[in-house]
Amino acid sequence: MPEATPRRKKVFLIDGSGYIFRAFFAITTLSTSKGFPTNAIFGFANMLIKVLREEAPDYVVMAFDAPGKTFRDDLFANYKANRPEPPDSLIPQFSVIRDMVRAFRVGQIEIEGFEADDIIGTLAGKLRDSGMDVVIASGDKDLLQLVDERVIMLDSMKDRRYGPAEVVERFGVPPDKVIEVLGLSGDTSDNIPGVPGVGE
């Protein structure tokens with residue numbers, strides 16, 4: 001009788017910075033009896049618990065943007081120049097969320113000069129090549145360029161999964177051409193101009 005093929009390990013790479021902002025804006029007002037804001041903390045906790053309960057990953061890594069400039073700011077001076085500073089009520093929640101991630105015993109990583117996306121992209125390739133199935137938990141369309149037969153993206157807020165077929169449905173091109181679509185069309189959320197007169 002042939003031996004059963006061992007199940008591949010599943011690793012979740014979570015865009016922690018993206019989760020924080022999505023949670024903050026999804027739940028507008030929530031605070032303790034003393035007035036400490038908790039909307040991002042509460043929303044973030046719910047999103048993390050949902051992943052852990054429903055997906056049962058073997059491994060989880062939470063990636064965060066490091067404070068300060070990144071290498072992109074050196075390449076393009078107006079990178080994300082259209083984004084306002086974090087709201088005052090969000091700032092005190094950052095450290096609590098980091099403590100909460102540690103309490104869940106979830107590994108977290110940030111690297112000076114890089115964004116969470118960069119970390120996720122690097123880890124996704126290395127972990128896929130090591131034989132794991134990778135799930136990127138994010139709503140950032142830039143990360144769709146990483147999707148392949150062993151890497152999928154989960155937008156848990158919309159409860160939508162993206163494999164190669166779903167990327168083609170979204171952009172009209174396979175994942176390895178997403179970067180070209182975004183390069184031509186630009187990205188208003190990052191203040192990246194596209195080719196004039198050319199959209200998606």
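Source: prediction; values computed, not measured. All values below come from the heavy atoms of this structure, side chains included, with hydrogens, waters and symmetry mates left out.
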Visitor: Testing the basics here: between Gln93 and Thr38, what is the closest heavy-atom pair and its distance to 0.1 Å?
Guide: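 Answer, listing the atom of Gln93 first, then Thr38: OE1-C, 3.2 Å.
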Visitor: Identify whether the distance between the nearest side-chain nitrogen and carboxylate oxygen of Glu110 and Arg98 falls below 4.0 Å.
Guide: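 Salt bridge present between Glu110 and Arg98.
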Visitor: According to a 4.5 Å side-chain heavy-atom criterion applied to Ile, Leu, Val, Met, Phe, Trp and Tyr, with indirect links allowed, do Phe21 and Ile14 form part of one hydrophobic cluster?
Guide: yes
Visitor: Identify whether Ile179 and Val167 are in the same connected component of the hydrophobic contact network (ILVMFWY, side-chain heavy atoms under 4.5 Å).
Guide: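 Looking at the clustering, Val167 is in a separate group from Ile179.
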Visitor: Considering residues, nucleotides and ligands other than Asp88, do more than 12 of their heavy atoms fall under 6.0 Å from its CG?
Guide: no
Visitor: If you group Ile, Leu, Val, Met, Phe, Trp and Tyr whenever their side-chain heavy atoms sit less than 4.5 Å apart, what else falls in with Phe42?
Guide: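 Members other than Phe42 - counting any ILVMFWY side chain reachable under 4.5 Å - are Ile27, Leu30.
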Visitor: Donor-acceptor pair, Lys10 side chain versus Glu55 backbone, under 3.5 Å?
Guide: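 Checking the backbone N and O of Glu55 against the side chain of Lys10, a donor-acceptor pair under 3.5 Å is found.
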Visitor: Around Leu52, counting heavy atoms of other residues, nucleotides and ligands shown, do more than 12 lie under 6.0 Å from its CG?
Guide: yes
Visitor: As a test of understanding, state which of Asp117, Asp155, Asp15 forms a side-chain hydrogen bond (donor to acceptor under 3.5 Å, both in side chains) with Ser138.
Guide: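 It is Asp15; the other options fail the test.
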Visitor: Tell me whether Asp118 contacts the main-chain N or O of Glu115 through its side chain, where contact means a donor paired with an acceptor under 3.5 Å.
Guide: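 Indeed, once roles are kept as given, a pair shorter than 3.5 Å links the two residues.
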Visitor: State plainly whether the residues Glu169 and Arg160 are in salt-bridge range, i.e. N to O under 4.0 Å.
Guide: yes
Visitor: Salt bridge check, Arg128 against Asp148: does any charged N sit closer than 4.0 Å to a carboxylate O?
Guide: yes
Visitor: Looking at Ile91 and Pro86, what are the two nearest heavy atoms and their distance?
Guide: CD1-O, 3.9 Å
